[in-house]
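Hydrogens, waters and symmetry mates are skipped; everything else that's a heavy atom, side chains included, is used.
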Amino acid sequence: MAIRLIFPPYFDIGKLIPEASFTDAELFNSFITDPIDAQSRFARKAILLEGRITGLDDGMILMGKGMEMVRVKLIKNWRYPVPEYHYDDKIQIKGICQGLDLTEVLVTHAFIVTVRE
């Protein structure tokens, strides 16, 4: 029987220590190269992720090139206000890696740590 870790609404991502730090390409490649190992090591764990914004949607950021995409779902609350960001900005985010979701790696409960143009 597998146990799923559920993050309650009052859960504070900022207090978690990241398990690992990646670029968007490194994270994606770790799930493609050895998905079972990557799933056991990083899924449902806090990570730091750095890369360029390649797509924008309401509350979502895409990072990566071509088919090597990481989808980031941002949290919106008073603790972590969303700074201004634009297409092609280099950002660092902290979030919970959910693993490979069909063709992309999904990171949720994320907030932007830094933005650089």
Side-chain angles (χ1 to χ4, degrees):
M1 180 170 99
I3 297 174
R4 281 189 86 119
L5 190 57
I6 298 173
F7 298 102
Y10 52 84
F11 153 75
D12 186 1
I13 178 71
K15 293 182 180 176
L16 292 180
I17 298 171
E19 295 286 328
S21 181
F22 297 99
T23 65
D24 51 6
E26 290 168 344
L27 179 61
F28 185 85
N29 288 332
S30 70
F31 277 92
I32 295 302
T33 305
D34 191 349
I36 294 170
D37 179 58
Q39 189 73 18
S40 67
R41 290 176 55 206
F42 308 121
R44 308 238 183 316
K45 296 188 176 134
I47 62 166
L48 281 175
L49 184 64
E50 189 169 304
R52 292 214 173 266
I53 297 173
T54 56
L56 297 169
D57 197 3
D58 186 36
M60 297 281 242
I61 293 175
L62 287 176
M63 300 167 73
K65 297 178 189 167
M67 297 300 290
E68 300 176 357
M69 299 302 288
V70 177
R71 181 176 299 273
V72 178
K73 178 148 180 37
L74 298 174
I75 56 175
K76 296 177 185 175
N77 66 28
W78 61 271
R79 280 192 185 122
Y80 306 105
V82 179
E84 187 174 326
Y85 59 89
H86 305 286
Y87 180 82
D88 205 37
D89 282 351
K90 188 170 188 176
I91 62 170
Q92 182 181 49
I93 64 108
K94 183 177 181 182
I96 302 296
C97 178
Q98 298 296 335
L100 194 61
D101 182 30
L102 295 176
T103 60
E104 59 197 15
V105 177
L106 180 62
V107 177
T108 62
H109 297 84
F111 69 92
I112 297 173
V113 178
T114 59
V115 177
R116 292 184 297 258
E117 293 183 17

> When hydrophobic residues are tied together by side-chain contacts of less than 4.5 Å, even through go-betweens, does Leu100 share a cluster with Ile47?
Replying inline: yes
> Is there a side-chain contact between Glu84 and His86, using heavy atoms and a 4.5 Å cut-off?
Replying inline: yes
> To the nearest 0.5 Å, how far apart are OG1 in Thr114 and CD1 in Ile93?
Replying inline: 10.5 Å
> Going from CD on Gln98 to CZ on Arg71, what distance comes out if it is rounded to the nearest 0.5 angstrom?
Replying inline: 13.5 Å
>> Quick check: is Phe42 connected to Met63 through a chain of hydrophobic side chains (ILVMFWY, heavy atoms under 4.5 Å apart)?
In response: yes
> Just how far is it from atom CD1 of Ile96 to atom CG of Leu106, taken to the nearest 0.5 Å?
Replying inline: 11.5 Å
> Short question: side chain of Asp89, backbone of Tyr85 - any donor-acceptor pair under 3.5 Å?
Replying inline: no
> If every non-hydrogen atom of Val70 is compared with every non-hydrogen atom of Asp24, which pair is closest and at what distance?
Replying inline: CG2-O, 3.7 Å
> Sequence neighbours excluded, which residues qualify as salt bridge (Lys or Arg N to Asp or Glu O under 4.0 Å) partners of Asp37?
Replying inline: Arg41
> How far apart are the closest heavy atoms of Ile13 and Ala46, and which atoms are they?
Replying inline: CD1-CB, 4.1 Å
> Once you round to the nearest 0.5 Å, how far does OG1 of Thr108 lie from CZ of Arg44?
Replying inline: 8.0 Å
> What distance do Arg116 atom CZ and Gln92 atom CD have between them, rounded to the nearest 0.5 Å?
Replying inline: 7.0 Å
> Linking I/L/V/M/F/W/Y whenever their side-chain heavy atoms sit closer than 4.5 Å, directly or via other members, would Leu48 and Phe28 fall into one cluster?
Replying inline: no
> To the nearest 0.5 Å, what is the distance between OG (Ser40) and NZ (Lys45)?
Replying inline: 6.5 Å
> Minimum heavy-atom separation for Cys97 to Leu27, with atom names?
Replying inline: SG-CD1, 4.3 Å
Do any side-chain atoms of residues 51-60 form donor-acceptor pairs under 3.5 angstrom with protein atoms, and if so which ones, sequence neighbours left out?
unit_1: Arg52; atom_1: NH1; unit_2: Asp88; atom_2: O; d: 2.7
unit_1: Thr54; atom_1: OG1; unit_2: Leu62; atom_2: O; d: 3.3
unit_1: Thr54; atom_1: OG1; unit_2: Gly64; atom_2: O; d: 3.1

> Would you find a donor on one side and an acceptor on the other, under 3.5 Å apart, between the side chain of Lys65 and the backbone of Ala25?
Replying inline: no
> Transitively linked via ILVMFWY side-chain contacts under 4.5 Å: Val72 with Phe22?
Replying inline: yes
> Do the side chains of Ile75 and Val113 join up, straight or via other hydrophobic residues, at under 4.5 Å, putting them in one cluster?
Replying inline: yes
> Is a side-chain N or O of Lys73 found less than 3.5 angstrom from the main chain of His109, in a donor-acceptor match?
Replying inline: no
> Which heavy atom in Ala38 sits nearest to a heavy atom in Ser30, and how many Å separate them?
Replying inline: CB-O, 3.4 Å
>> Restricting to salt bridge (Lys or Arg N to Asp or Glu O under 4.0 Å), what partner residues turn up for Lys90, sequence neighbours left out?
In response: Glu50
> Which heavy atom of Tyr80 sits nearest a heavy atom of Lys15, and at what distance?
Replying inline: OH-N, 4.5 Å
